[in-house]
Colleague: 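Dropping a structure here in structure tokens format, bear with me for questions.
Only this structure's heavy atoms are used, side chains among them; waters, hydrogens and symmetry mates stay out.
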Amino acid sequence: AGVLIVTLLVGMVLQRTVTAPILGLARTVDTITASGDYSHEAQADYTGETGVLARAFNAMLREVRKRDHALMSANENLEQKVAARTQELE
């Protein structure tokens, strides 16, 4: 009976410290994938490897947002140049 109780306690600790954070990260990935909205971030207040993983994921998302912004700015600039050049040719 003692072994069963210890096993249950270890399982509960693992659930809270490992499984729950990873499932939370997976839910965030699913949300971003479904919506295409990269403004979401994973909960990153965990310690250990799961916290490192969540913070790295969030850093990657920030980089994606930064590149998206740069791409949109470049696209707008190109559209303005094309419009100006088209007007010159008319």
Colleague: Within the 3.5 Å criterion, strictly below it, is a donor on Asp45 or Gln43 matched to an acceptor on the partner's side chain?
Modeller: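 Indeed, the side chains of Asp45 and Gln43 share at least one donor-acceptor pair under 3.5 Å.
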
Colleague: Measuring from atom CG of Leu71 to atom CD of Glu76, what distance do you get when rounded to the nearest 0.5 angstrom?
Modeller: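 The CD atom of Glu76 is 10.0 Å from CG of Leu71, to the nearest 0.5 Å.
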
Colleague: Kindly compute the distance separating OG1 (Thr28) from CG (Asn58), expressed to the nearest 0.5 Å.
Modeller: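 Those atoms lie 8.0 Å apart.
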
Colleague: To check you understand the geometry: which heavy-atom pair defines the closest contact between His40 and Arg65, and what is its length?
Modeller: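 Shortest heavy-atom separation between His40 and Arg65 comes out as O-NH1, 4.0 Å.
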
Colleague: Can Ile22 be reached from Met60 by stepping across I, L, V, M, F, W or Y side chains whose heavy atoms are under 4.5 Å apart?
Modeller: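 No.
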
Colleague: Step through the shown structure and confirm whether more than 12 heavy atoms of other residues, nucleotides or ligands are within 6.0 Å of CD on Glu63.
Modeller: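 Above 12, so yes.
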
Colleague: When you compare the side chain of Asn77 with that of Lys81, does any pair of heavy atoms fall below 4.5 Å?
Modeller: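 Yes, at least one pair of side-chain atoms sits under 4.5 Å.
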
Colleague: What do you reckon, is CD of Glu88 surrounded by more than 12 foreign heavy atoms closer than 6.0 Å?
Modeller: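 More than 12 within 6.0 Å, yes.
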
Colleague: Which atom names give the shortest non-hydrogen contact between Arg62 and Arg55, and what distance separates them?
Modeller: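 Minimum heavy-atom contact is NH2-O, 4.3 Å.
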
Colleague: Taking all non-hydrogen atoms of both residues, which atom of Ile32 and which atom of Asp37 are closest, and how far apart?
Modeller: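 In this case the closest contact between Ile32 and Asp37 is CG1-O, 3.6 Å.
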
Colleague: About how many Å separate CZ of Arg67 and OH of Tyr38, when rounded to the nearest 0.5 Å?
Modeller: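 Answer for the OH-CZ pair, Tyr38 versus Arg67, is 12.5 Å.
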
Colleague: Are Leu25 and Leu61 linked, directly or through other ILVMFWY residues, by side chains that come within less than 4.5 angstrom of each other?
Modeller: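 Yes: a chain of side-chain contacts under 4.5 Å links Leu25 to Leu61.
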
Colleague: Taking all non-hydrogen atoms of both residues, which atom of Thr50 and which atom of Pro21 are closest, and how far apart?
Modeller: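 Looking at all heavy atoms of both residues, the closest pair is CB-CB, 3.9 Å.
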
Colleague: Taking a hydrophobic cluster as the set of Ile, Leu, Val, Met, Phe, Trp and Tyr residues connected by side-chain heavy atoms closer than 4.5 Å, whether directly or through intermediates, do Phe57 and Leu23 fall within one such cluster?
Modeller: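 As far as the 4.5 Å side-chain criterion goes, Leu23 and Phe57 are not connected within one cluster.
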
Colleague: About how many Å separate CE of Met12 and OG1 of Thr19, when rounded to the nearest 0.5 Å?
Modeller: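 Spacing of OG1 (Thr19) from CE (Met12) equals 13.0 Å.
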
Colleague: A side-chain contact here means heavy atoms from C-beta on lying under 4.5 Å apart; do Val52 and Tyr46 qualify?
Modeller: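 Of all side-chain heavy-atom pairs linking Tyr46 with Val52, none is under 4.5 Å.
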
